[in-house]
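In this chain, residues are counted from 1 in sequence order. Treat the numbers as computed from the prediction; the structure is a model and nothing was measured.
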Amino acid sequence: MKLIFDALVRKSGRVPQLVYTRHIKDFILISIGVVLATIGLKEFLLPNNFLDGGAMGLSLLSEIITGIELSILIVLINLPFIIIGAKQISMEFAVKSALAILALSLLVHFITLPAITTDKLLISVFGGFFLGAGIGFAIRGGAVIDGTEVLAIYVSKKTSLSVGDFISVFNVILFSFSALLVSVETAMYSMLTYFAASKTVDFIINGIEEYIGVTIVSRNASEVKQAIIDNLGRGVTVYNSESGYGKTGVNFNENKILFCVVTRLEVTRLLLEIDKIDEEAFVVQHSIKDTKGGMIKKRPLH
């Protein structure tokens with residue numbers, strides 16, 4: 001009984017500690033994101049009237065057309081997205097996003113930073129890089145400073161459009177209006193800014209070492225499993241299965257299916273280990289965004 005009581009105490013103390021640690025980590029990531037986004041806006045995009053995609057691009061375009069302070073527009077334009085996020089995702093997400101967007105608007109309003117360059121290509125690339133890095137770090141912290149994806153998730157549930165389709169349509173419309181209302185050149189450079197920002201967001205969220213899930217069907221499953229464990233140091237999950245129609249005709253014998261997760265850089269080595277044992281093994285690869293636990297290296301934030 002004492003052992004059970006001690007275990008419950010340790011567990012009850014561990015859970016609040018994990019929650020506290022996670023909140024601290026989220027706060028740091030969101031703070032970094034807000035600062036980086038501010039640098040991208042104040043030192044690159046704003047002084048040169050360049051745009052980005054999404055809600056931030058809509059805010060920048062509205063600021064150019066109406067002359068209203070960007071700090072106000074950032075809050076007003078993202079407010080509906082925060083409300084949608086509270087209903088579709090969670091209240092915690094909405095609160096984090098609201099605080100992040102408010103912090104960004106305050107920094108944009110009160111912080112003065114010098115324009116680093118007047119070269120339009122550098123402005124597009126590095127403005128998009130810093131803004132994208134800010135958005136990416138905020139997402140890693142469980143918040144958004146650009147609410148377009150929240151709206152995209154909502155629309156995808158109500159219509160046949162996917163999240164990617166909606167974001168693409170949204171940005172095509174946005175850049176078309178910027179070409180008509182500002183200039184074609186600004187729209188073209190803004191598309192380059194959006195491309196740099198989106199690639200940076202992908203890099204921050206997914207990292208360099210994208211994970212690959214590998215499913216292996218082999219007559220020598222036990223040997224392949226042991227080779228993966230011994231030579232690659234990776235964990236393997238084994239499923240029981242029944243074969244259907246294949247090269248040898250109908251076969252209802254029970255087989256083993258192996259599943260493991262490796263980084264993209266390790267796929268070639270994994271395939272080599274499989275070929276050493278069974279050249280006719282059936283191997284399926286598919287991308288995985290992230291993993292938790294298990295015998296695999298944790299993706300770094302940088």
Side-chain angles (χ1 to χ4, degrees), residues 22 25-45 50-57 60 78 81 89 93 96-97 100-101 103-104 107 116-117 119-153 162-168 170-171 174-175 188-214 261-268 285-292 296-302:
R22 196 202 78 183
K25 178 183 175 182
D26 290 348
F27 173 78
I28 293 172
L29 291 173
I30 293 171
S31 298
I32 293 173
V34 169
V35 171
L36 290 175
T38 302
I39 292 173
L41 290 170
K42 297 291 285 188
E43 292 193 342
F44 294 96
L45 301 183
F50 274 27
L51 308 179
D52 181 33
M56 187 61 69
L60 290 165
N78 280 286
F81 304 144
I89 302 175
F93 167 82
K96 285 183 178 179
S97 299
I101 290 169
L104 177 62
L107 288 181
I116 292 180
T117 179
D119 185 285
K120 293 183 178 180
L121 181 60
L122 292 178
I123 293 167
S124 295
V125 173
F126 283 94
F129 169 77
F130 279 103
L131 187 56
I135 294 172
F137 273 104
I139 292 174
R140 291 302 297 264
V144 294
I145 53 178
D146 186 308
T148 315
E149 290 192 1
V150 177
L151 179 61
I153 293 171
S162 68
V163 172
D165 291 338
F166 176 81
I167 292 175
S168 298
F170 183 94
N171 287 318
L174 176 65
F175 291 133
M188 293 172 68
Y189 277 114
S190 299
M191 291 173 67
L192 182 59
T193 301
Y194 171 70
F195 179 77
S198 62
K199 290 301 179 183
T200 305
V201 170
D202 290 340
F203 174 76
I204 295 296
I205 295 175
N206 298 326
I208 296 176
E209 294 186 326
E210 180 182 4
Y211 292 132
I212 304 296
V214 182
V261 178
V262 296
T263 65
R264 183 174 292 280
L265 302 178
E266 295 170 324
V267 171
T268 302
Q285 303 177 33
H286 53 91
S287 297
I288 294 176
K289 290 298 182 183
D290 208 343
T291 64
K292 182 179 184 297
I296 187 165
K297 292 181 291 186
K298 183 64 179 174
R299 173 179 292 132
L301 293 179
H302 54 277

Between Phe44 and Ile116, is a side-chain contact (heavy atoms from CB on, under 4.5 Å) present by the stated rule, with each step listed?
CA-CA 7 Å; Phe44 294 96; Ile116 292 180; 3.8 Å; yes
Rounded to the nearest 0.5 Å, what separates atom OG1 in Thr38 from atom CG in Leu131?
9.5 Å
Heavy atoms, side chains only, cut-off 4.5 Å: are Ile212 and Ser287 in contact?
yes
Reported OG1-to-CG distance for the pair Thr193 and Leu121, which is rounded to 0.5 angstrom
9.5 Å
Heavy atoms of Phe93 and Gly142 approach each other most closely as CD1-O, 3.4 Å
Pairs meeting criterion side-chain hydrogen bond (donor to acceptor under 3.5 Å, both in side chains) with involvement of residues 120-131, two or more places apart:
Lys120-Glu185
Does Thr148 use its side chain to pair, donor to acceptor, with the backbone of Ala55 at less than 3.5 Å?
yes
Do the side chain of Thr200 and the main chain of Ala133 share a donor and acceptor less than 3.5 angstrom apart?
no
Does Leu41 reach the side chain of Leu107, with side-chain heavy atoms less than 4.5 Å apart?
no
Note, Ile135 side chain near Val144 side chain (heavy atom, < 4.5 Å)
no
Taking all non-hydrogen atoms of both residues, which atom of Val34 and which atom of Ala100 are closest, and how far apart?
CG2-O, 3.7 Å
Under 4.5 Å between any side-chain heavy atoms of Leu51 and Tyr194, yes or no?
no
Note, Ile32 side chain near Arg140 side chain (heavy atom, < 4.5 Å):
no
Phe126 vs Phe129 aromatic rings, parallel, tilted or perpendicular, using cut-offs 30° and 60°?
perpendicular
Would you say Phe195 has more than 12 foreign heavy atoms packed within less than 6.0 Å of its CZ?
no
Which heavy atom of Ala37 sits nearest to which heavy atom of Leu104, and what is that distance?
CB-CD1, 3.9 Å
Minimal heavy-atom distance between Ala196 and Val125, with the atoms involved, is CB-O, 3.6 Å
Can you tell me how far CD1 of Ile167 sits from OG of Ser198, rounded to the nearest 0.5 angstrom?
10.0 Å
Which heavy atom of Met56 sits nearest a heavy atom of Asp146, and at what distance?
N-OD2, 3.0 Å
Distance from Ile30 atom CD1 to Lys96 atom NZ, nearest 0.5 Å?
5.5 Å
When rounded to the nearest 0.5 Å, the distance separating CG of Asn78 from CD1 of Ile101 is 4.0 Å
Got Ile123 and Tyr189 here, is their nearest side-chain heavy-atom distance under 4.5 Å?
no
What is the distance from atom CD1 of Ile204 to atom CG of Leu29, rounded to the nearest 0.5 Å?
10.0 Å
Shortest non-hydrogen contact from Ala197 to Asp52?
CB-OD1, 3.9 Å
